[in-house]
Each structure stands twice: as C-alpha cells, then as structure tokens.
Q: 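So that we are looking at the same thing, I have put the structure below in structure tokens.
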Amino acid sequence: MGAIDLHVHSVRSDGTYTPRELVDYAVQKGLKAMALTDHDTVDGLEEIIEYAKDKPIEIIPGIEYSTEYNGRDVHIVGLFIDYKAPVFSDYLARFLQSRTDRNLKLCANLRNVGIDIAYEDLLAAYPGAVITRAHYAGWLLDNGYVKSRNEAFDRYLGDHTPYFVHREKITPEEVIDVTRRAGGIPILAHPTLYGLGSEQLDLLVKRLKAAGLMGIETGYSSYSPADERMIKALAKKYRLLQSGGSDFHGENKPGLDLANGYGRLYVPEKFLDALKGALKTKILFTDLDGTLLTSDKTISERTRARLLDMIREGNSLALASGRPLESILEVLDRLDIKEEVGKMQADGAGGIYITAYNGAMLYDCMKDELISESCVSAEAVQRIFDMARERGMHVHTYADGARIVSIAEDKELAYYRQYIHLPYAVTERPKEFLSHEAYKLVAIDLENRERLEDFRRAVEASELGEGLTCAFSNNSYLEIYNKDAGKGNALIKLCRELNILIRNAAAAGDEENDISMIEAAGTGAAMANAGPKLKACADYVTKRDNDNDGIAELIDLFVLGMEERGL
C-alpha cells in the first residue's frame, strides 16, 4: 500500500513550490495521492488538477481554513470540497475581503513606525499568493528591516505585538458547516499545535464533532509517538476519520519534506479509502407508522429484502418515530433483520439506528447503546399535565422509557396501548414517577382535532413555548418535545455522528411531525399516502403507498441509485 499526503501548500498561499512543481515532486517521491490545502484559497486547484491529469497521482481538492477558538488559531482542513459550489465561493469571497482589509491596516501600522511598505508592494513581490504574515516576514527580511523571519514575528507580526491586526473572527463551526455543504470532509488539522492540555483538547474535539467535524489528523510531521497515540484515541472516541499530512511549505519550513515530514511520517493509503467511503455512504431515515409499516403494522418480504440490500452495501437505516425506544425495538424484532445485519458487518455493512420520541433520543441498535438525548424537564412535564387537567385533555409521558405515565385511565390511553405495548401508571403528579427527565409528551383526542390545536396554541403561548415544539404525528396525536429534538434535528445529529453528508441522507414520512426530517434530508420523500402539507415540502412523492412497498421504491431510486426494480 502506497503513501499519501493530505496537507500540502503551494505558492498560492505561503509555500515555495508551484502547483506543477508539487505534482512533479510528489510523483518523484512515489506518492499515490496528494491534497493541495493552501491557506484560505483554492486558487491553485485548477492548475494542479489539470497538470496532474496524465500523471500517476491522484489530486484531492482542499483548503486549510484559519479560524479562532478561545483566542487561539485553530485550523480546519477541508478535503474533497466542491470549490465551485456557490455556498463555498460566497463564503471565500467574504473571508478574503476581510483578509484584505486586515492587510491594509497592518501595512498602515508598519508605516507608522517608519517601515516603507504598502499592500501593493506585497502583491507585486508575491504574485498570485494569498498574503499571510509569512509574506510580511519575507518582505521585511528581503528589504533589510529585520535580520531573520523570527525577528519579524517577534518585533512586528506576532499576536502580542502592538502592530498586529486581528482578522474577522471565523469560528471552526462556521467553516465545518461550509465544507460539509460544499460536499467536503472537514478535518481538524495538527491539534497538538494549539497549546491545549489533553482535557481542553478533548472538549474542543467534542464541540467540533457536534458541529459536524468528520476527521482529525492522526499523522503529522511534528507528532511524537505519544502525540500520535493520543490523537488516535480521540479519533476512536469521537468516531472521527483519520487523515494526515506533512504540512509541506517548501523552503519556508526547512527540513520538513513532502510525505516524510521530519523523517518518520507515513500516511497510509487506507486513510484515503476511508475518507472516500464517507463521501459515498448513505442513510435512510424512515418513519414507522404509515411509512415503513403497512396498515397492519408489518412489512413485506420485498421491503425487507431492499432494507438488507441497502445495509449490505455499507449504508445505514434509521428508524425515526415518535414511539418510545422499547416500542421501536419491538418493531425491529418483527422486521427480523438485526441478526442478519450483525453477521454482515464484518464485511463492511452499515448499521441500524433509532431516533425515538420524535428525535429526542438517538440509539445505536447494533451496539445497544445510547448516542444522545434531548429532554423535557420534570417541571415542564408537570406544567403540561396541569394545563391538560384544566382542559379535560388526555396527556401522557414516559417514565424511564419503560412505562406510560398517563393523566387518566381513559379511552385515549386504551387506544394508544393497542399499539404501544408498555405498562402504565395513572397520576396527576408525573414528577413522582420520573427519575429521569422526560423524552416527550403526547396529548390525544380521538374525536376533535380542534381541541388539540387549541391545546397546542396554549402550550406555545405559555412560558414553556420557547423551549418546546408541538407537532402532530397523526390527526389525533399532538407530540410535545424539546426544541433541540425533532426528527429533523435528529437526522442532522446522527449524520454528524456517523460522518455522513446530509446530501447522502434520504428521509421518508407521512405526517406533520415528519416535515422537519423531510426538509433536513438531502432527499426528502413523502409517501403516496402522506398528507398535503408533507407532500408540499417533499423532493419526491412515492408512486406506491405504505401498503404497497413505497419504501422499497425509495431505496431503489435514492439509496441504491438504480431504476426501480419490478415487483
């Protein structure tokens, strides 16, 4: 297996090799692939990709963003970006203008202390480059104002000198979002260089993972063996893809060579294979009732076979429902696919996940472990029970996920328990049953939806409205849950957890509480039997309904990427 280098700079930022020279040198060194990741610019990508077309090397389009985190520079590398995408080019234009404004101010500060410098001088000295402090240092050295580059930074260019100008604050989260929306993979570059202790670095990685970070550089020129072990442990802990590179700058970093760094660096080709795999991996989010399940709460053999085909090819399935976790696990047992998927995973099959309680809980079925949760406080639950009691409404919640806690033993509870086979307790004081915050509440009226509409308006107008979402899961059920929950937020969170791009997420549903999921997905599909609100916001409406393999139709077209197979 060959070596690769996924962190390289050219003269288009602060390197000394042209894009063409980088290709020739990489071929000479036998590299299988290389990513050009110039600082805050993609100006060299067209040239390097075109020049390498007939060369025995793969070029990965990339960029290295400069961002700020708690007063420190933190760099994010973006790989496989669609650098012509409007979302990316619009961001870059704004960022480069802020850099120009900063450079003009820095030149003015230096002129005030007797240095005869203009921004135009730098542009003339370094044509085609994005001007950085490294260029200032080179100019000051070449024009006799300092005796070394280090002196230039110590006296004039360092963060703590009186002449330094801070650029517009760009957060890591912002460039992570831009990269993902441009179809790329955001990677935390050289994390040991930020001067963070292990605890603070862990907090940074956790925060960025939640924002959509997909990878981390586990290979880098200056890592010690201990550094490498620590970063690999972080990659494992937060399910991050591994990347690596030399951070080659040519003569601007003496002794640091392409591919080898300071002599011991080796980035294996398998890292690139995994990164490419993440670009292709897909996930299907499907509602249960009225979507995946037929009217008699089963699935056909055809739909079951398509689910297994999809997972076998490395894609994943997410069962997205307002039901409690235990009820969805019961459905999963009826699908009879978990054991078969477990056997396939050794060969690279995908997984099965659950977003329960309308996205309030994310759960990994193959590992039988909780991923995340967003809850409703016990105080808020009690307040909603009180509001329901005043109006004679049915409402219930769940105690520790395994018991229904209902305001009354009424016909609504009896109807609900036909499908949700959990034990129950009846009380007007639900707080007494909650050892854990609630995942959601359900208000039910089997005869009069307008009463539920009135109840929704009352909840939304109360002090609880700011933190809660109310949405119908069918004509008789009003779901109430944390605003950070919801099926759409759950889709985004799970895609981030699994390093899946949103464009590769398909979602299917039939009711109002599926709308956020349909809108969040790369492809949002409404079932043929869905209501008009859902169909209006969907990218696709299935030809078949839930009783006639509508989900199989969706898998064929948008997950497996083929024409719909015949019955």
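These figures come from a predicted structure and were not determined experimentally. This chain uses plain numbering: 1 for the first residue, then up along the sequence.
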Q: Answer yes if the side chains of N482 and Y439 hold a donor-acceptor pair under 3.5 Å, and no otherwise.
A: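 Y439 and N482 do not have a side-chain donor-acceptor pair below 3.5 Å.
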Q: Kindly indicate whether a cation-pi arrangement holds for K206 with Y238, taking the cut-offs as under 6.0 Å to the six-membered ring centre and within 45° of the axis.
A: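 Ring-cation test returns no.
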Q: Taking the six-membered ring for Trp, are Y353 and F285 closer than 6.0 Å centroid to centroid?
A: no
Q: Applying side-chain hydrogen bond (donor to acceptor under 3.5 Å, both in side chains) to T192 and D227, what does each step give before you reach the verdict?
A: CA-CA 7 Å; T192 61; D227 290 336; 4.6 Å; no
Q: Could you check whether T37 and E64, counting side-chain N and O atoms only, form a donor-acceptor pair closer than 3.5 Å?
A: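 E64 vs T37: no donor-acceptor pair found between side chains.
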Q: With distance as the sole criterion, is a donor-acceptor pair present between the side chains of S243 and E217 under 3.5 Å?
A: no
Q: Using a strict 4.0 Å threshold on nitrogen-to-oxygen distance, state whether K237 and D202 make a salt bridge.
A: yes
Q: Compute the centroid of each ring, for Y194 and then for Y69, and state whether the two points are separated by less than 6.0 Å.
A: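 No, ring centres 6.0 Å or more apart.
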Q: Taking only Lys NZ, Arg NE, NH1 and NH2, and the carboxylate oxygens of Asp or Glu, determine whether R449 and E512 approach each other closer than 4.0 Å.
A: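 Counted as a salt bridge, because a side-chain N and a carboxylate O are separated by less than 4.0 Å.
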Q: Among residues at least two apart in sequence or on other chains, which ones pass side chain to side chain donor-acceptor pair (under 3.5 Å) with T298?
A: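 In terms of side chain to side chain donor-acceptor pair (under 3.5 Å), with neighbours along the sequence ignored, T298 is linked to T294, D296.
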Q: Taking the six-membered ring for Trp, are Y398 and H396 parallel (under 30°), tilted (30 to 60°) or perpendicular (over 60°)?
A: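 Correct class here is perpendicular.
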Q: Decide whether E479 and N358 meet the rule of one side-chain donor and one side-chain acceptor closer than 3.5 Å.
A: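 There is such a pair between these side chains.
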Q: Looking only at side chains, do E409 and Y424 share a donor and an acceptor under 3.5 Å apart?
A: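 Yes.
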Q: Start with the C-alpha gap between M344 and I311, add the side-chain angles, then the distance that decides, and say whether side chain to side chain contact (heavy atoms under 4.5 Å, CB included) holds.
A: CA-CA 9 Å; M344 296 190 299; I311 295 170; 4.2 Å; yes
Q: One thing to verify: whether E173 and R207 come together as a salt bridge, which I'm taking to mean a side-chain N less than 4.0 angstrom from a carboxylate O.
A: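 Yes.
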Q: Taking N315 for its side chain and K282 for its backbone only, find out whether a donor-acceptor pair lies under 3.5 Å.
A: yes
Q: Taking the six-membered ring for Trp, are Y540 and F558 closer than 6.0 Å centroid to centroid?
A: yes
Q: With a 4.0 Å cut-off on N to O distance, would you call R503 and D82 a salt bridge?
A: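 Judged by the 4.0 Å cut-off on N to carboxylate O distance, R503 and D82 do not form a salt bridge.
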Q: Taking only Lys NZ, Arg NE, NH1 and NH2, and the carboxylate oxygens of Asp or Glu, determine whether E340 and R304 approach each other closer than 4.0 Å.
A: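 Looking at R304 together with E340, the answer is yes, because their closest N to O distance falls below 4.0 Å.
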